[in-house]
Amino acid sequence: MTSETRWLPVDGLETLRLRKSAKWRTYPADVLPLTVAEMDFGLAPPVQEALRAAVERSDTGYAMPAPELGGAFADFARRRWSWNVDPEAVAAVPDVGVGVVELLRVLAHPGDAVVISPPVYPPFFEWASEARTRLVEAPLRLNEVGWRLDFDELEKAFAAHPAVYVLCNPHNPVGRVHSSEELATLAGLACRYGVTIVSDEIHAPLALPGATFTPMLTVPGAAAITVSVLSASKAWNLAGLKCAVIVTASEEMASRVNLLPPDVRWRTGHFGVLATVAAFADGGSWLDELLSTLEQRRTLLTGLLHDRLPEVTWQAPEATFLAWLDCRAFGDGDEPRDRFLEAGRVALEPGLRFGHPGSGYVRLNFGTSAEILDEATARMARAVA
Ligand SMILES: Cc1ncc(COP(=O)(O)O)c(C=O)c1O
């Protein structure tokens with residue numbers, strides 16, 4: 001930390017509770033919500049300005065993503081990740097969930113197998129059935145350094161020739177930023193068994209200091225078999241505005257993705273496109289402040305857990321504002337989450353929602369103020385004392 005470092009401010013609880021989004025309306029007022037992946041920081045000024053200007057000109061019609069969206073994303077990808085994206089190969093979709101489901105509909109036939117790696121973001125389980133495909137699990141492996149892709153499990157699953165593997169990179173909830181070597185191994189396996197990769201990279205802009213995000217489409221051999229889905233919605237907190245991008249980097253994948261119903265783009269939110277363009281084009285310095293703030297919150301949480309809840313173990317995430325906490329010392333299944341909620345009045349995501357390896361785990365959202373983290377961990381400690 002330098003003396004110039006500035007943490008992003010967070011409103012007090014009374015003001016936060018005025019928000020009408022899901023995070024603030026799911027639980028009663030005496031519960032501290034550290035659940036769904038919304039952050040408590042204010043909007044980035046360029047995003048706020050773009051939305052305010054749109055309201056002032058009553059600009060609330062249908063979205064017109066081209067050409068700004070592809071250009072803004074390609075410039076951001078080049079600056080942040082040295083990734084050369086063709087703006088023409090960027091298509092708008094309403095959100096990452098819609099993007100993945102619509103992709104599964106064109107990349108797999110009903111009944112085909114789709115592989116995922118739990119513990120993973122809960123809708124991954126539902127997206128496969130929404131697209132009438134069959135879910136196959138190749139769980140992550142927990143070793144002494146953390147949760148990693150398990151290539152034995154993946155090879156076993158790929159050997160049965162599933163249609164698609166849905167990659168989560170960075171991986172929610174464990175916070176792993178898969179290395180370029182791991183992604184190269186994955187690409188090799190997918191090529192060998194003819195598996196298409198849909199890479200959910202929504203958390204990519206949130207790779208924290210010390211981690212290097214590798215876009216799957218830059219991995220040698222991956223472009224011919226991969227389509228990626230990204231969004232500004234996690235890093236700039238725009239989930240309610242409805243805009244994400246699908247990106248391809250080969251003619252083979254572009255022609256498959258072109259089978260998406262043309263109407264999908266009309267369902268994208270106009271405010272989502274305006275805010276996303278502002279975020280990617282002008283939100284870089286705010287994002288840097290966010291990443292420094294999240295790094296500080298991650299360090300703070302490490303200390304608070306160590307002092308107040310020494311029974312909890314975890315690997316601090318390399319990306320995102322989500323902490324995946326092993327609370328098996330307090331019970332199996334969702335018992336730890338229930339105790340924290342009922343006795344501590346702190347809401348966390350229950351581990352089993354992320355699949356069976358989540359038994360005894362909770363996911364804590366630390367995209368908030370130091371004061372709220374202090375209060376939440378104090379309440380959690382009292383709940384299990
Ligand atoms: C890995 C992952 N994918 C997708 C989403 C949801 O994205 P969207 O709201 O754009 O559907 C989330 C939300 O937290 C997520 O963590």
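Residue numbers run from 1 in the order of the sequence given. Whatever order the structure lists them in is the order used to number ligands and atoms, beginning at 1.
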- Query: Among protein heavy atoms, which sits nearest to atom 14 (O) of ligand 1, and what does the distance come to when rounded to 0.1 Å?
  - Reply: Lys234 NZ, 3.2 Å
- Can you sort out which atoms of ligand 1 are near Cys168, meaning under 4.0 Å from one of its heavy atoms? 1 (C)
- Item | Heteroatom distance test (Val96, ligand 1): nitrogen or oxygen, under 3.5 angstrom | yes
- Verify, without hydrogens or angle tests, whether Asn169 (side chain) and Val177 (backbone) share a donor-acceptor contact under 3.5 angstrom. no
- Purely on distance, is any nitrogen or oxygen of Gly97 under 3.5 Å from one on ligand 1? yes
- Considering only heavy atoms, does Asp95 approach ligand 1 within less than 4.0 Å through its side chain, its backbone, both, or neither? both
Distance-only donor-acceptor hits, side chain of residues 269-284, under 3.5 Å, sequence neighbours excluded:
unit_1: His270; atom_1: NE2; unit_2: Asp59; atom_2: O; d: 3.4
unit_1: His270; atom_1: NE2; unit_2: Asp59; atom_2: OD1; d: 2.9
unit_1: Thr276; atom_1: OG1; unit_2: Gly272; atom_2: O; d: 2.5

- So with a 6.0 Å cut-off around CZ of Arg132, is the heavy-atom count from everything else above 12? no
- Query: Could you give the distance from OH (Tyr121) to CD1 (Ile202), rounded to the nearest 0.5 Å?
  - Reply: 7.0 Å
- Task: May I ask you to decide whether Arg192 forms a salt bridge with Glu155, counting only side-chain N to carboxylate O separations under 4.0 Å?
- Result: yes
- Please write down residue, atom name and distance for the protein heavy atom closest to atom 7 (O) of ligand 1. Ile202 CD1, 3.2 Å
- Message: Between Asn172 and Arg363, is the side-chain hydrogen bond (donor to acceptor under 3.5 Å, both in side chains) condition met? List the steps.
- Response: CA-CA 10 Å; Asn172 173 5; Arg363 193 193 73 178; 3.2 Å; yes
- Message: Please check whether Lys242 reaches ligand 1 - meaning an N/O of the residue sits under 3.5 Å from an N/O of the ligand, judged on distance alone.
- Response: no
- Within 4.0 Å of some non-hydrogen atom of Asn172, the atoms of ligand 1 are 15 (C), 16 (O)
- On the 0 to 90° scale, with breaks at 30° and 60°, tag the Trp81-Trp83 ring pair as parallel, tilted or perpendicular. tilted
- Task: Please report which non-hydrogen protein atom sits nearest to atom 6 (C) of ligand 1, along with the residue it belongs to and the distance in Å to one decimal place.
- Result: Tyr121 OH, 3.1 Å
- Using non-hydrogen atoms of the residue, decide whether His203 is closer than 4.0 angstrom to ligand 1. yes
- Message: Check this for me, if you would: do Asp334 and Arg353 make a salt bridge, where the nitrogen-to-carboxylate-oxygen distance has to be below 4.0 angstrom?
- Response: no
- Query: Are Ser231 and ligand 1 in contact, using a heavy-atom cut-off of under 4.0 Å?
  - Reply: no
- Message: At less than 4.0 angstrom from any non-hydrogen atom of Asp200, what atoms of ligand 1 do you find?
- Response: 1 (C), 2 (C), 3 (N), 4 (C)
- Per-atom contacts, ligand 1 versus Ala37 - under 4.0 Å to a heavy atom: 14 (O)
- Would a line drawn from the ring center of Phe76 to the ring center of Trp236 be shorter than 6.0 Å? yes
